[in-house]
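What follows is a set of notes on a single structure, which appears directly below.
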Number of protein chains: 2
Amino acid sequence: MRESQAADARRYHHGDLRRALIDAASRVLEAEGPSALSLRAVAREAGVSPAAPYHHFKDKGELLEAVAHEGWDLLDAALAKAKAEASSPAQAISELGVAYVCFARNNPALYRVMYDTARDREDLPDQMKIEGDGAYCKVRDTLIEAGADPKDTLDIELATTAAWCSGHGLAEMAGFKQFAHLKEACGGEVEFFRAVFQHMGLAPRPPGD
Amino acid sequence: MRESQAADARRYHHGDLRRALIDAASRVLEAEGPSALSLRAVAREAGVSPAAPYHHFKDKGELLEAVAHEGWDLLDAALAKAKAEASSPAQAISELGVAYVCFARNNPALYRVMYDTARDREDLPDQMKIEGDGAYCKVRDTLIEAGADPKDTLDIELATTAAWCSGHGLAEMAGFKQFAHLKEACGGEVEFFRAVFQHMGLAPRPPGD
DNA sequence: TTGTTATCTTAGCATCGTCAAGATAGCGCG
DNA sequence: CGCGCTATCTTGACGATGCTAAGATAACAA
């Protein structure tokens, strides 16, 4: 019997179509890229009619938002893991950056959807809000742990913004083959990320700051 | 003989439809945003049938590439102007960044098309090529003029890449209203850009580097 | 003038997002 | 158990999109 399944989700005819649609969308996204992510393709992948999604999402954008939301959660988890594994706050900053860019490189289509939907809403997801304990706050906290003055709030916010923008910029650029030879010269993609971050002042600089 | 009109452009029935289509696309883009930029809308704006563009562009992507190309030229000009007006090489670096972000903020839809088409080609336009005298090279030259060691080519390329990524990252983020209060606290949008760049090590740092 | 060829239009195809109306199935209530 | 209610899903349709094929048209070359 299906009634015993976990989660308080709707489970009428299909079971939990909302969940199934998000998963189907993620599958299509990974397999065929963002341009192939049509509502009808998602419905097809989930094995339902083209109009079925409209009983769970207002429109296509709302489905994408749900997919993006999962993406932000994944990114948040990746950053948390990187922070936890760092040996020092100074190292943590650099590792957060590397983890961020690696996430974007490993999930390029999802990363794109995340920012595209954010742009459409002219807003940012909770994970990047100044309040709370999202990814943005993880970066800020790490900067404070690394020695930034927690009392100079403007300076802290600016530094966090600078770090986030740097990571996002590199994440978007890293996909272009223009940088292939630089990655090679650095001895690998991750090493390339580290080297670029050093030039951004995000990696620990040998002499005192 | 091409008749007397200027430009060696095609001018059969319409005159110069290729040119007119690019202009129409730019107009649609500025007026209605990237999501409204359909081939049919552009044809409508130019006053021709929906199939007419296919005699001048292989497909929609090629039209967008043409629009993007003009965008990169505009961006290049904006950077050249900023560099020319800077009072010192160190200032020039910061001013290049500010000019870059301002361009993106003043032409958000165009900026989007520029990078979207570049992503589709998995390549970057000439303006960002390592060779030549495009925008990328302007940044690199300015870094050298500001004191970077021109012999350490890897370091130079990494520094240029870091600068470009920082600018792009800030350009993309600057559109979110999340940062409205930061802009206010800095006393304006441009001042906000400058402040972020300082945290990225792109603005001139008081003590010698 | 005549023929050629580039240019543009008309008509059509498959797909997309979305909606309205009908069918279906699980649930509560008697 | 039976009845109805309502959420869920399907069918069918509309307008719009990217793109193609076939025909009309106008500039050029001879």
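Below, each value reflects all heavy atoms present in this structure, side chains not excepted, and no hydrogens, waters or symmetry copies. Naming convention: chains lettered A, B, ... in sequence-line order (proteins, then strands); numbering from 1 in each chain.
Between B:L17 and B:A52, the closest heavy-atom pair is CD2-CB, 4.0 Å.
Between the CG atom of B:D59 and the P atom of C:dT15 there is a distance of 18 Å, rounded to whole Å. Going from atom CG of B:L63 over to atom P of D:dT17 covers 14 Å, rounded to whole Å. For the pair A:Y54 OH and D:dG12 P, the interatomic distance rounds to 18 Å; values are reported in whole Å. In this structure, NZ of B:K60 is placed 14 Å from P of D:dT20, rounded to the nearest angstrom. Rounding to whole angstrom units, NZ of residue B:K58 and P of D:dT20 are separated by 9 Å. Rounded to an integer number of Å, the gap from B:E62 CD to D:dG18 C1' is 14 Å. Atom P of nucleotide C:dA6 and atom CZ of B:R18 are separated by 17 Å, given to the nearest angstrom.
The nucleotide whose nearest atom lies closest to any side-chain atom of B:A52 is, among C:dC8, D:dT10, D:dC9, C:dC8. When each of C:dT18, D:dG18, C:dT9 is scored by its nearest atom to the side-chain atoms of B:S49, the top-ranked nucleotide is C:dT9.
B:D23 has no carboxylate O lying under 4.0 Å from a charged side-chain N of B:R27, or vice versa, which leaves the two without a salt bridge. Remark: A:R19 engages A:E70 in a salt bridge, criterion side-chain N to carboxylate O under 4.0 Å.
In this structure a side-chain-to-backbone donor-acceptor pair under 3.5 Å is present from B:R140 to B:I130.
For the pair B:R44 and D:dT17, the criterion of a side-chain N or O lying under 4.0 Å from OP1 or OP2 is met. Between A:H55 and D:dT10, a side-chain N or O to OP1/OP2 separation shorter than 4.0 Å is absent. Between C:dA6 and B:H56, no contact under 4.0 Å exists linking OP1 or OP2 to a side-chain N or O.
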Pairs under 3.5 angstrom only: tabulate donor-acceptor contacts from the side chains of residues 98-116 of chain B to other protein residues two or more places apart or in another chain.
from   : atom 1 : to     : atom 2 : distance (Å)
B:Y100 : OH     : B:Y111 : OH     : 2.7
B:Y100 : OH     : B:Y115 : OH     : 2.8
B:R105 : NE     : B:E189 : OE2    : 2.9
B:R105 : NH2    : B:E189 : OE2    : 3.0
B:N106 : ND2    : B:C102 : O      : 3.1
B:N107 : ND2    : B:F103 : O      : 3.0
B:Y111 : OH     : B:H168 : ND1    : 2.5
B:R112 : NH2    : B:E172 : OE2    : 2.9
B:Y115 : OH     : B:W164 : NE1    : 2.9
B:D116 : OD1    : B:R119 : NH2    : 2.6

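Between B:E157 and B:Y136, the side chains place a donor N or O and an acceptor N or O closer than 3.5 Å (distance only, hydrogens not considered).
In the region residues 30-43 of chain B, proximity to DNA chain C at under 4.0 angstrom, judged on heavy atoms, holds for B:R40.
Annotation: salt bridge (charged side-chain N to carboxylate O under 4.0 Å, His left out) contacts of B:D155 (sequence neighbours excluded): none.
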